[in-house]
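As the structure lists them, so they are numbered: ligands from 1, and atoms in each ligand from 1.
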Amino acid sequence: MSTIAIAVHGGAGTISKEQMTPERESAYRAALEHALRRGHEVLKEGGAAIDAVEAAVRVLEDSPLFNAGRGSVFNADGQHEMDASLMNGADLRAGAVAGVQNVKNPIGLARRVMDHSEHVLISGMGAFEFAHKHKVELEDDQYFHDDFRYQQWKEVAGTDVVQLDHSDKERKFGTVGAVALDMNGHLAAATSTGGMTNKKWQRVGDSPIIGAGTYANDATCAVSCTGHGESFIRAVAAHDVHALVAYKGLSLAEAVRVVVHDKLPPLDGDGGLIAIDREGSIVLDFNCPGMYRGHVGGDGVFHTAIFR
Ligand code: ASP
């Protein structure tokens, strides 16, 4: 039997210490721990890593603090378009959705794509119809409305500025994700996001792209990314961590270091990622001032952190 372990992130970026009041910090840390506990319960009961990462991400999607699900940022039309994906390391099955609207938990929809369709990635209205068909819970626009995010969008609405949720000097970061190892030695990863503020043309980032924002393979590791999506796509970041472990024999920590600190910065790839391997080693690394993150390993001790 494997040791069980799970890690989560809630986005990475310029998180300013000055603006982080003790109340806000504890709200973020409580939300991260809540997500970790939910995923950890699944693992403790003998559940699969894929169920644990889905459960953890759902908690983060339901929190208005993070740019995913309920807290998603506004696009150029003042709407919310969400992306999500997950991958099962045991058999390399994966499911993803891009540009979905009014779906309460995009990660749940991605799961249904994986389990109940012959596809990996579906998008837009087609994904909405699929959600209807599978009786996925929907919410009206008001559910996704957050005053802070609305102001954030208003500042750039009507311009060509597309803003990474993290790049704001104040609050609001980010995309969410989870990686886990279950008792049977299986790995899984999940990522969910509202993308970038004021995005247009149905822009899709790395989060729903298998290999870019999310990757899991029992042979090596499971990875969930957050950051400047275009760069993570060009770096094929999540898969690159796997490749460095698989083909170059690097340790997980070294593979993550190479991707986060050597390969992404020349591509303007601000951000970070969380990763876990078959031994239950967890690596949470980022190349910007902070990343909302948490993990619990074999010792059962819960950790959460924001800054370095
Ligand atoms: N990677 C996400 C995207 O580009 C954004 C983020 O991580 O906050 O859509």
May I ask whether Gly11 has any heavy atom positioned less than 4.0 angstrom from an atom of ligand 1?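 Gly11: no contact with ligand 1 (<4.0 Å).
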Can you find an N/O atom of [X] closer than 3.5 Å to an N/O atom of ligand 1?
X: Gly229; result: yes
X: Asn67; result: no
X: Gly174; result: no

How are the rings of His303 and His295 set to each other: parallel, tilted or perpendicular (split at 30° and 60°)? parallel
Over 60° means perpendicular and under 30° means parallel, so tell me whether Phe66 and Tyr292 are parallel, tilted or perpendicular. perpendicular
Which ligand 1 atoms are under 4.0 Å away from a heavy-atom of [X]?
X: Thr175; value: 2 (C), 5 (C), 6 (C), 7 (O), 8 (O)
X: Asp206; value: 1 (N), 2 (C), 3 (C), 4 (O)
X: Gly195; value: 9 (O)
X: Thr226; value: 6 (C), 7 (O), 8 (O)

Taking the six-membered ring for Trp and the full ring for Phe, Tyr or His, determine whether the centres of Phe232 and His228 are under 6.0 Å apart. no
Would Thr191 and Ser224 count as having a side-chain donor-acceptor pair, cut-off 3.5 Å? yes
Check Ser207 against ligand 1 and report side chain, backbone, both or neither, counting heavy atoms closer than 4.0 Å. side chain
Got a sec: does the NZ of Lys133 have more than 12 other heavy atoms crowding it under 6.0 Å?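 12 or below, so no.
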Between Ala222 and Ala189, what is the shortest heavy-atom contact and its length?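 In terms of heavy atoms, the two residues are closest at CB-CB, 4.1 Å.
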Please lay out, stage by stage, how Arg257 and Glu254 fare under the test salt bridge (Lys or Arg N to Asp or Glu O under 4.0 Å). CA-CA 5 Å; Arg257 192 200 62 71; Glu254 184 56 8; 3.2 Å; yes
Quick test of your reading of the structure: of Glu230, Arg203, His228, Lys199, whose heavy atom lies closest to atom 9 (O) of ligand 1? Arg203
